[in-house]
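Structure first, then comments.
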Amino acid sequence: MARGSSERRRPRDDFLDSLMDTSLYSMGAFFSDQHPDLVDDVIDQSLEIEERGLRGYASDNKLSVEECFETLLTGLAVRYYKAVAG
């Protein structure tokens with residue numbers, strides 16, 4: 001007996017579903033939903049922090065390392081969310 005398409009799941013579908021079941025994905029989705037106007041800015045800042053390092057970026061921008069880390073993590077989460085959600 002042939003299985004219906006709704007009963008058939010490809011391993012890739014399971015894998016993609018598992019990517020959405022993470023804290024990083026949830027954090028990125030929340031930020032994107034709550035602050036759509038800041039998405040590009042937080043991504044740009046996180047990329048700059050990656051390039052310059054936490055301490056260097058913090059020092060140059062008169063920020064704490066903790067603030068920079070939060071921005072870096074938020075930017076990573078938003079990028080992750082956008083990559084998975086499309």
Side-chain angles (χ1 to χ4, degrees):
M1 176 184 253
R3 298 174 104 185
S5 62
S6 64
E7 294 177 26
R8 229 181 287 153
R9 288 200 49 94
R10 296 182 317 177
R12 181 170 183 194
D13 293 336
D14 291 339
F15 174 68
L16 290 176
D17 287 346
S18 73
L19 293 176
M20 293 180 195
D21 190 27
T22 66
S23 296
L24 196 60
Y25 180 88
S26 297
M27 187 172 143
F30 178 81
F31 185 89
S32 297
D33 288 344
Q34 296 297 311
H35 308 285
D37 54 320
L38 299 177
V39 167
D40 291 335
D41 290 340
V42 78
I43 289 173
D44 291 344
Q45 286 179 336
S46 70
L47 290 170
E48 194 170 341
I49 293 168
E50 282 181 41
E51 290 173 9
R52 296 171 60 197
L54 285 171
R55 287 194 178 115
Y57 188 88
S59 176
D60 292 346
N61 291 281
K62 311 276 188 278
L63 300 169
S64 71
V65 172
E66 291 81 10
E67 288 173 303
C68 289
F69 180 73
E70 288 174 9
T71 301
L72 174 63
L73 189 58
T74 302
L76 290 171
V78 170
R79 287 171 26 207
Y80 181 78
Y81 166 71
K82 289 179 71 162
V84 173

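Side chains included, hydrogens not; waters and symmetry mates left out as well; all remaining heavy atoms used.
Residue Pro36 comes nearest to Gln34 through the heavy atom pair CD-C, 3.5 Å, listed as atom of the first residue, atom of the second, then distance. Between Tyr57 and Cys68, the shortest heavy-atom distance links the atoms CD2-SG, 3.5 Å.
Taking 4.5 Å as the limit, every side-chain heavy atom of Val42 sits out of range of all side-chain heavy atoms of His35. No side-chain heavy atom of Thr74 sits less than 4.5 Å from a side-chain heavy atom of Gln45.
A donor-acceptor pair under 3.5 Å is absent between the side-chain atoms of Ser59 and the main chain of Arg55, judged by distance alone. No donor-acceptor pair closer than 3.5 Å links the side chain of Ser32 to the backbone N or O of Ala29.
Val39 and Leu24 are members of different hydrophobic clusters when ILVMFWY side chains are connected at heavy-atom separations under 4.5 Å. One hydrophobic cluster holds both Ile43 and Phe31 under the rule that ILVMFWY side chains link at heavy-atom gaps under 4.5 Å. Both Phe69 and Met27 are members of a single hydrophobic cluster when ILVMFWY side chains are connected at heavy-atom separations under 4.5 Å. Leu38 and Val78 fall within the same hydrophobic cluster, where Ile, Leu, Val, Met, Phe, Trp and Tyr residues are linked whenever their side-chain heavy atoms come under 4.5 Å apart, directly or through other members. Both Leu72 and Val65 are members of a single hydrophobic cluster when ILVMFWY side chains are connected at heavy-atom separations under 4.5 Å.
The side-chain contact (heavy atoms from CB on, under 4.5 Å) with Thr71 is formed by just one residue from the set Ile49, Asn61, Leu54, Leu63; it is Ile49.
Rounding to the nearest 0.5 angstrom, the gap separating the OG atom in Ser46 from the CD atom in Glu70 is 13.5 Å.
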